[in-house]
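Order of the sequence lines sets the chain letters (A, B, ...), proteins ahead of strands, with each chain counted from 1.
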Amino acid sequence: MSVTQKAHSAQRNQEIPEATRLRLFKLQVEIRYCEKRAYDLFLQNLVKGTSHLALGQEAVAAGFAAAMNPDDYTFCTYRGHHHTLARGAPMLSVLGELMGRQCGLMKGKGGSMHLTSVAHGVMGSYAIVGAHLPIAAGAAWSAQYRGTKQVACAFFGDGATNIGAFHEALNLAAVWKLPVVFCCENNMYMEYTPISAVTAVKHPAADRAASYGLERQVIDGNDADVVYSAARDAFAKARSGGGPSLIECLTYRHSGHSRADPAKYRPKEELEEWLKRDPVTLYRNRLLASGVAEGTLAKIESEAMTKLDQATEAAKASPTPSLESAMSDVWADGGNAWRN
Amino acid sequence: MSVTQKAHSAQRNQEIPEATRLRLFKLQVEIRYCEKRAYDLFLQNLVKGTSHLALGQEAVAAGFAAAMNPDDYTFCTYRGHHHTLARGAPMLSVLGELMGRQCGLMKGKGGSMHLTSVAHGVMGSYAIVGAHLPIAAGAAWSAQYRGTKQVACAFFGDGATNIGAFHEALNLAAVWKLPVVFCCENNMYMEYTPISAVTAVKHPAADRAASYGLERQVIDGNDADVVYSAARDAFAKARSGGGPSLIECLTYRHSGHSRADPAKYRPKEELEEWLKRDPVTLYRNRLLASGVAEGTLAKIESEAMTKLDQATEAAKASPTPSLESAMSDVWADGGNAWRN
Amino acid sequence: MAQLSYRDAVAAAIAQEMRRDERVVLFGEDTAAAGGVFKTTVGLFEEFGPRRVKDTPISELAILGAAMGAAMTGLRPVAEIMFSDFLACCWDYVANEIAKTRYMSDGQISIPLVIRTANGAGSRFGAQHSQSVENWAMAIPGLKVVAPSTPADAKGLLAAAIRDPDPVVFFEHKSLLANKAEVPEGEHVEPLGKAKVLREGKDITVIALAAMVPRALKAAETLAAEHGISATVMDLRSLVPLDAKTLLAESARTGRVFTVEENPRLCGWGAEIASVIQEEIFGALKGPIVRITTPHVPLPAADQLEDAVVPSVARIVAEVRRGLDSRRAA
Amino acid sequence: MAQLSYRDAVAAAIAQEMRRDERVVLFGEDTAAAGGVFKTTVGLFEEFGPRRVKDTPISELAILGAAMGAAMTGLRPVAEIMFSDFLACCWDYVANEIAKTRYMSDGQISIPLVIRTANGAGSRFGAQHSQSVENWAMAIPGLKVVAPSTPADAKGLLAAAIRDPDPVVFFEHKSLLANKAEVPEGEHVEPLGKAKVLREGKDITVIALAAMVPRALKAAETLAAEHGISATVMDLRSLVPLDAKTLLAESARTGRVFTVEENPRLCGWGAEIASVIQEEIFGALKGPIVRITTPHVPLPAADQLEDAVVPSVARIVAEVRRGLDSRRAA
Ligand SMILES: Cc1ncc(C[n+]2csc(CCOP(=O)(O)OP(=O)(O)O)c2C)c(N)n1
Ligand SMILES: Cc1ncc(C[n+]2csc(CCOP(=O)(O)OP(=O)(O)O)c2C)c(N)n1
Ligand SMILES: [Mg+2]
Ligand SMILES: [Mg+2]
């Protein structure tokens, strides 16, 4: 980072109220701990299906969530634990869902890839790449129609930019000037393939913004202040009728694509380089440098760990869902009858 | 047109060999006559299904076809009569297909929207908007793989640029550097809706070229010389391993979207303006101005009319297809058996 | 009672529901100013304006995706997919998103929307614009599937579909659009999931849907007049919910059942219904259930060819007679 | 004979065909260097290189579109759609383009390609990654539909699918991938369209596919050992072409037929087969054909819930006993 950039970034940090900065830290810590715990629970064979961790991508979730209003809408991918937690869904319900327990957000019916918590504005996690982009546009249209000033935000990966739904959603959102923010978490890989090997442009999202009349935005996705500022501006624009934004956050996942993936396809140095830019460490150091007391941060960390330990135990103690629930809620009447 | 533009265009015309220029004229005349005849045949109730005429868009078809090698691949939309004729498919077979006769290109099984003549490189007309763009990319891949120097060319409308398949095809073609040319015939309307009302950018194709690392090209689609030159360059680039091109041709359809459409949604002055720029008249005048004798052109016209009249009579005389053909060619063995 | 065409009845239903419920919005390709390519939404743009009646780009993914997002957040969208063949272009939304999200979210999310689409043959549009795909929708858990055969049902069932809290795929048959018949004036809503017995007969039970209903009725007349065969004719009206009670009762009454369906043969709705019937009233059957279907081929474009494959009145008559005559299998 | 896993047998079939035919190419998401997310294409990139084994972007439309374009112009592409649920994302290509183009072109265009896809439940992946959608494919005229249950069939049928001049959708079942069994060494090709009788019994005929085959076999053992019921078990292996001859013969022999299918209930392949059987050998049936299916609900993610809905050995046993006991309907 150049000297001017450093100065700029320190300044931006100072512009963000301390309460917000502490919240950004807390959210990142909670996500980091909870994702690590999810990993431990796999190893104990307590999480049965697949799971896609966001270790390393915490700053994106924290930065966006901190910039949102409580009634804004979040749409995640299968890699959505971090966004779900960031919006305030309890750890217990998230871990419970991963473990397929009654206490889970969807009582085990959705699983890790479909975390949903409407009470917290998390309108679902979608496991078909790109599918939620038009859905988020639709939610934004509804907000616009109802005049509520809500904003919808869809998170997706670099790989999702090459699917047709991306293109259709962005065009519709631009034409209808919808209050929606599209956030691409560019972690450089679509599963095991480097995004550069399958994409015609260097920046899979940002280099396509012009196709929809949108501004090109590429930001440091590992810097929560940067993310927060960009998100805040995009939400403000959307809320004031300025239409959609597309923000590409450069980041990296520390673990494999999913539970099954040891991520051997990644150059060792690449991982090391990014671990040096760990968003949580980076932010902790920045807060210390800006004068926040070590004790304040340590307290946030220990409280997060306590909360997590309690959630873990409670989730383990939660019963498995009743088998009847497998047959419920196909229809709004709660049932599944397709005939009389 | 400015004076320099005029000079430029006259010069370009002179650079094109006279034989090619006469061919460009002939193709446009044949298409114009044949499309008008198709319209007359509707009025006589001899064409039963729908039909999408390309009256006014002849220069695009002529310019591209004249730039292609005989073994290149053409992929059309439902509005594909002009491209099919331009590649050399007989008028008899085209009109016969519209009329659902035995002599039709596909013996009435495909109809107006699916004209196919593999013998002439016309690898089908596709009635699902945008679907043929990835298919053309696949044919280009095959040519690349087999090392044949063939080029695939897909024609599509302005409206097709907003569908996901457009995006996926362009990206794949760019990443694999495929010998494929994507030609957007921007006639300003998707059915009854102005393209500007539903598209985020002014030039639906060209303004998206950068998303695929491609050059932005917008050309006068009513000027056969301009179209021919642009097509020739794109084919040369593709053949020499330079990858795909995306060319947006500005043009206009003189009639409605399809048979059923009186096109009342179009401002009268707009149509008049474009009729003044009729590609066939424009080209006829240019050839005259460049010294081609009136008699030469009149002969081309009368020969085209004679050929068309003969084709029309032959098509009318052709029997309807045998009912058995409705059950044939589901499978490569010619049959339709799904069981033993 | 007013005489309305099926297409006008569609527009009337939407207008009726838009008047009573501000949450209802309508959109699709050319649905607004143009009134729809099938003229099924004429007048709505004029009455309800560009905020509630919208044109979209050619973006079927975005149409259904946006409909879903809007439905989850308080609207009641009516989305048009111009031809039912194009459901294939947005099948992910139909099959994986709209149908499953309530279940996956354990009931947190509701998706009250209607997908309207023009279904079926008769226009000589060829293999990609003439399909009957109601069986595709029936195969997906989480979707309601409705296909009216008359103007009155077009109005009443569409109104019910719009009011329904679950996603409904609503098939409007292209070859019925011009048909005119009596439609109740004023508010008209027909409950989903009730089949209609249109004709009582004692020898056989004919079960049909959409454009096959008028054909089945004509065939029944011919069978009665020319062959002394007395047929019950039933219009299913919706595949999901399925009125199994009426279906089974009418099937048991005659013991000889014929389904008439336009979708291609394999895994059509007729297969489902035949399976249900034979499984539940096996003992009441006097012979096999016979499915009269479009054969398992894509649809040809030319008029004579199209007419040769879609079940016609003559073919229904012939297949019923053959079914009753032959005891080959028995 | 070598012991091979089902997943290795898939790779072996592709390798076998790529060695003998330069026109065969393989591509999909993560199929090349990574060897596929299910490790079903391991070693192929190494042997055949980046020209013949390719990674694609996440672009299912482009994958199947490109496969079709390549197949029409001289190649024999094997395209992978990672999970069969994602066929919904490119259904237009499956249902409208690949299946219909030969017919629409009156035979001018051939489309010899294979769409390989991972199908079925058992991995606790939830509603969008666990579906069995072989019935979707069966419903489309112009597609062949194959779903092997053993490593030997995975190899032999995939080889045949690659050689076939028509489009084939090839369903590889996720929960069978790790299964090991004998696979003929050297060239191995099994003809498409032949069902296999795996067990001869005299009381009932059980018809199964893919992951339901081993369950049906186990259920048959329990039925024999604990309930004195002697069951024929048949593996359909392909739905199209359908081995109706064997199917009807085996059904007629016992007169009591049970289908075991993983796809959701409505319009599943069991409905088609039950309809064919009752229509053609009605007189030979001693009771109704019983379909044992996943109920008509999306799939839940949690292990106990998933196990509760997909037909299990215990449920097959129970439903067969109930089917034989009850004469409710009869
Ligand atoms: C339509 C579709 N195709 C393929 C997949 C399989 N898949 C799951 S995640 C993934 C990679 C996505 O990469 P990216 O968008 O960069 O997100 P990331 O996983 O890196 O967060 C793929 C190919 C899918 N879920 N949906
Ligand atoms: C996927 C899909 N959606 C909708 C349609 C219906 N449709 C046929 S032509 C057309 C307009 C196409 O406009 P454009 O691409 O500009 O081509 P043009 O007709 O002007 O040549 C539409 C919407 C279709 N055939 N396929
Ligand atoms: Mg990624
Ligand atoms: Mg156009």
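- Shown here for D:D166 and B:V330, the closest heavy-atom pair between the two residues is OD1-O, 4.5 Å.
- Atom CG in B:D329 sits 10.0 Å away from atom CD in D:Q108 (nearest 0.5 Å).
- The CD1 atom of B:I135 sits 4.0 Å away from the CE atom of D:M68 when rounded to the nearest 0.5 Å.
- Proximity to chain D (any heavy atom under 4.5 Å) is shown, for B:V175, by neither the backbone nor the side chain.
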For this session: Could you check B:H114 against D:T101 for side-chain contact (heavy atoms from CB on, under 4.5 Å), going step by step and ending with a plain yes or no?
Result: CA-CA 9 Å; B:H114 297 291; D:T101 294; over 6 Å; no
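- Residues of residues 134-146 of chain D lying under 4.5 angstrom from chain B, judged on non-hydrogen atoms, are D:G142, D:L143, D:K144 in numerical order.
- In this structure, no portion of D:I63 lies under 4.5 Å from any heavy atom of chain B.
- Of the listed residues D:G107, D:S110, D:G193, D:A99, the one with more heavy-atom pairs under 4.5 angstrom with chain B than any other is D:G107.
- At a 4.5 Å heavy-atom cutoff, the contact between D:D243 and chain B is made by backbone and side-chain atoms alike.
- Using a 4.5 Å cut-off on side-chain heavy atoms (C-beta onward), D:E97 and B:I128 make contact.
- In this structure, D:S59 OG and B:H167 NE2 are separated by 7.0 Å, a value rounded to the nearest 0.5 Å.
- Of all heavy-atom pairs spanning B:L172 and D:P57, the tightest one is CD1-CD, 3.5 Å.
- Rounded to the nearest 0.5 Å, atoms CZ (B:R339) and CD1 (D:I273) are 10.5 Å apart.
- Annotation: maximal heavy-atom pairing with chain D below 4.5 Å, among B:Y126, B:F75, B:W176, B:W331, occurs at B:W331.
- We find the OH-CE distance between B:Y73 and D:M72 to be 8.5 Å, quoted to the nearest 0.5 Å.
- Heavy-atom contacts from other residues, nucleotides or ligands closer than 6.0 Å to NZ of B:K149 number 12 or fewer.
- Note on B:A137, B:A165, B:A131, B:A169: by heavy-atom pairs under 4.5 Å with chain D, the leading option is B:A131.
- The backbone N or O of D:K245 sits less than 3.5 Å from a side-chain atom of B:N340, completing a donor-acceptor pair.
- Shown here for D:A70 and B:W141, the closest heavy-atom pair between the two residues is CB-CE3, 3.9 Å.
- D:E22 contributes atom CD, which lies 4.0 Å from atom OH of B:Y145 (distance to the nearest 0.5 angstrom).
- Within the 4.5 angstrom heavy-atom criterion, atoms from both the backbone and the side chain of B:A326 approach chain D.
- For D:A244, the parts lying under 4.5 angstrom from a heavy atom of chain B are both the backbone and the side chain.
- For the residue pair D:S105/B:T116, the side-chain donor-acceptor check at 3.5 Å is not satisfied.
- Taking a 6.0 Å sphere around NZ of B:K107, one finds it holds 12 or fewer heavy atoms contributed by other residues, nucleotides or ligands.
- Top candidate by heavy-atom pairs under 4.5 Å with chain B, chosen from D:T73, D:I109, D:T246, D:I58, is D:T73.
- Taking every heavy atom of both residues into account, D:D106 and B:S328 meet most closely at OD1-OG, 4.5 Å.
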